[in-house]
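We use all heavy atoms of the structure for the numbers below, so side chains are in, but hydrogens, waters and symmetry mates are not. A, B, ... follow the sequence lines: proteins, then strands. Residue 1 opens every chain.
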There are 2 protein chains.
Amino acid sequence: MEREWNDNQPIYRQLRDRVVAMILEGVLKEGDPLPSVRNVAAEYRVNPLTVLKGYQQLVAEGLVESRRGRGMFINAGARSVLLQGERQKFLGEEWPRIQAAIQRLGLKVEELLNGSRPSSTAAPSKPAKSDPPEEES
Amino acid sequence: MEREWNDNQPIYRQLRDRVVAMILEGVLKEGDPLPSVRNVAAEYRVNPLTVLKGYQQLVAEGLVESRRGRGMFINAGARSVLLQGERQKFLGEEWPRIQAAIQRLGLKVEELLNGSRPSSTAAPSKPAKSDPPEEES
DNA sequence: ACTAGTGTTATAGTTTACTATAACAGTCTG
DNA sequence: CAGACTGTTATAGTAAACTATAACACTAGT
């Protein structure tokens with residue numbers, strides 16, 4: 001897990017998203033306990049309240065159940081619910097935006113979807129003026 | 001132009017992004033004036049200060065020049081600088097995240113390339129349990 | 001000079017996200 | 001019961017984003 005935060009989004013939501021990702025990836029299975037609020041807070045150097053807020057987001061979505069004194073546990077069916085809901089959200093809200101951005105930048109969607117698996121430090125050095133969309137000065 | 005705001009990101013940055021998009025799309029050409037701070041503020045029902053903040057972001061990036069009493073104007077070279085910088089940012093920061101999400105959701109390249117130009121009300125109804133990645137319970 | 005259009009700055013208040021510190025409330029183990 | 005884990009709530013403070021209102025500074029047209 002990464003220990004750093006993205007400026008674009010509040011920590012508690014990023015936290016929620018990470019748990020969601022872990023569920024989808026199968027790292028966390030249904031019935032499993034989430035790492036404890038205090039543990040996460042300590043490990044990530046973040047306030048326990050912030051962690052709690054992220055977790056309660058998941059409770060509110062019905063993905064996780066909280067049992068006082070025991071911990072927080074992933075509900076049955078969480079994964080398939082997520083798979084469906086997140087898909088819809090992605091296809092309906094994110095992907096269109098992303099696609100527009102790709103087009104604006106003169107990039108090819110197919111190329112991105114096919115050939116690209118940049119493991120980590122993949123900094124493409126200057127596309128060097130490839131194909132600017134129309135130019136009608 | 002849309003009149004609505006995304007909760008995920010501060011308005012001033014969304015504003016900045018829209019101008020960037022307009023430059024890339026050629027809606028705004030180099031030398032053109034940006035719509036005035038007060039106009040935008042009025043049209044979008046937003047505080048002039050918020051608009052200014054978005055615009056000054058562009059000034060700080062060297063994309064736009066501000067001339068007191070005249071307006072704010074798009075600098076020469078803005079477009080190509082943008083094309084390069086935004087590409088790098090996209091490929092380096094956004095795309096890896098997006099790709100991970102696509103994989104997690106088990107989305108298929110065809111789904112993304114085909115069905116994804118929903119003019120408005122396009123709600124895909126239940127992908128109906130297509131292909132969950134491994135299942136080893 | 002006046003006016004109406006630009007960008008810019010000042011003052012001040014609200015809301016949200018995050019923080020620190022501390023206490024409360026259950027569960028389980030010894 | 002004591003102690004060590006869980007989640008939860010309370011209190012209070014900081015910083016960022018946004019807002020309302022108002023004034024200042026500059027440019028251009030009349």
Side-chain angles (χ1 to χ4, degrees), chain A residues 2-20 22-23 28-75 78, chain B residues 2-20 22-23 28-75 78:
Chain A
E2 317 207 346
R3 242 152 219 72
E4 314 217 320
W5 304 108
N6 190 340
D7 253 14
N8 298 334
Q9 205 133 346
I11 292 179
Y12 75 91
R13 209 176 310 173
Q14 293 181 53
L15 219 31
R16 178 262 178 203
D17 288 342
R18 285 192 194 176
V19 175
V20 165
M22 287 195 292
I23 294 175
L28 284 176
K29 308 205 176 60
E30 324 198 331
D32 282 359
L34 265 54
S36 94
V37 169
R38 283 178 178 84
N39 265 356
V40 175
E43 181 162 4
Y44 290 74
R45 320 272 292 285
V46 152
N47 195 297
L49 288 187
T50 305
V51 180
L52 184 63
K53 192 168 178 182
Y55 276 14
Q56 286 190 326
Q57 194 96 161
L58 295 163
V59 174
E61 293 176 68
L63 296 168
V64 155
E65 192 189 349
S66 162
R67 272 175 273 172
R68 242 198 184 184
R70 310 274 325 274
M72 310 204 37
F73 300 84
I74 300 184
N75 277 337
Chain B
E2 316 206 346
R3 241 151 220 71
E4 315 216 320
W5 305 107
N6 189 341
D7 253 14
N8 298 335
Q9 205 133 347
I11 293 179
Y12 76 92
R13 208 177 309 175
Q14 294 181 54
L15 217 32
R16 177 264 179 202
D17 287 342
R18 285 193 195 178
V19 174
V20 165
M22 286 196 290
I23 294 175
L28 285 175
K29 308 203 177 63
E30 323 199 332
D32 281 0
L34 266 54
S36 94
V37 169
R38 283 177 178 84
N39 265 357
V40 175
E43 181 162 3
Y44 290 75
R45 320 272 293 285
V46 152
N47 196 296
L49 289 186
T50 305
V51 181
L52 184 62
K53 191 168 179 182
Y55 276 14
Q56 287 189 325
Q57 194 108 149
L58 295 163
V59 174
E61 295 177 65
L63 296 167
V64 154
E65 191 189 351
S66 162
R67 271 175 273 172
R68 242 198 185 182
R70 308 275 327 271
M72 310 203 39
F73 300 84
I74 300 184
N75 278 336

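- A heavy atom lying under 4.0 Å from DNA chain C marks the following residues of residues 51-63 of chain B, by number: B/Leu52, B/Gln56.
- For B/Asn39, the side-chain contact (heavy atoms from CB on, under 4.5 Å) partners at least two apart in sequence or on another chain are B/Ser36.
- For residues 62-74 of chain A, there are no salt bridge (charged side-chain N to carboxylate O under 4.0 Å, His left out) pairs, not counting sequence neighbours.
- Per the geometry, CD belonging to B/Gln9 stands 18 Å off P belonging to C/dT16, to the nearest Å.
- At least one side-chain heavy atom of A/Ile74 sits less than 4.5 Å from a side-chain heavy atom of A/Leu34.
- Look at CD on A/Glu65: it is 14 Å from C1' on D/dT6, rounded to the nearest Å.
- For A/Ser66, the listed nucleotide lying nearest its side chain is D/dT8; candidates were D/dC24, C/dC18, D/dT8.
- The side chain of A/Tyr12 contributes no N or O atom lying less than 4.0 Å from OP1 or OP2 of C/dC18.
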Please tabulate, for side-chain N and O atoms in residues 49-61 of chain A, each donor-acceptor pair with protein atoms closer than 3.5 Å (sequence neighbours left out).
from: A/Tyr55; atom 1: OH; to: A/Pro35; atom 2: O; distance (Å): 2.7
from: A/Glu61; atom 1: OE1; to: A/Arg16; atom 2: NH2; distance (Å): 2.8
from: A/Glu61; atom 1: OE2; to: A/Arg16; atom 2: NE; distance (Å): 2.8
from: A/Glu61; atom 1: OE2; to: A/Arg16; atom 2: NH2; distance (Å): 3.4

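- For the pair A/Asn8 CG and D/dA17 C1', the computed distance is 14 Å after rounding to whole Å.
- One atom, CE of A/Met72, and another, C1' of C/dT27, lie 16 Å apart when rounded to the nearest Å.
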Would you tabulate the nitrogen or oxygen pairs shorter than 3.5 Å linking the protein to nucleotides 2-5 of chain C?
from: C/dG5; atom 1: N2; to: B/Gly69; atom 2: O; distance (Å): 3.2

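- Looking at residues two or more places apart in sequence or on another chain, you find a side-chain contact (heavy atoms from CB on, under 4.5 Å) between A/Pro33 and A/Phe73.
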For nucleotides 19-22 of chain C, which of its nitrogen or oxygen atoms have a protein nitrogen or oxygen under 3.5 Å away, and what is each distance?
from: C/dT19; atom 1: OP2; to: A/Asn47; atom 2: N; distance (Å): 3.3
from: C/dT19; atom 1: OP2; to: A/Thr50; atom 2: OG1; distance (Å): 2.9
from: C/dA20; atom 1: N7; to: A/Asn47; atom 2: ND2; distance (Å): 2.8

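- Put simply, CG on B/Asn6 is 12 Å from P on D/dC18, counting in whole angstrom units.
- The side chain to side chain donor-acceptor pair (under 3.5 Å) check on A/Arg13 picks up B/Asn8, with sequence neighbours excluded.
- With values rounded to the nearest 0.5 angstrom, B/Tyr44 atom OH is found 7.5 Å from B/Leu15 atom CG.
- Scanning both residues, B/Val64 and B/Met72, for their nearest heavy atoms gives CG1-CE, 3.5 Å.
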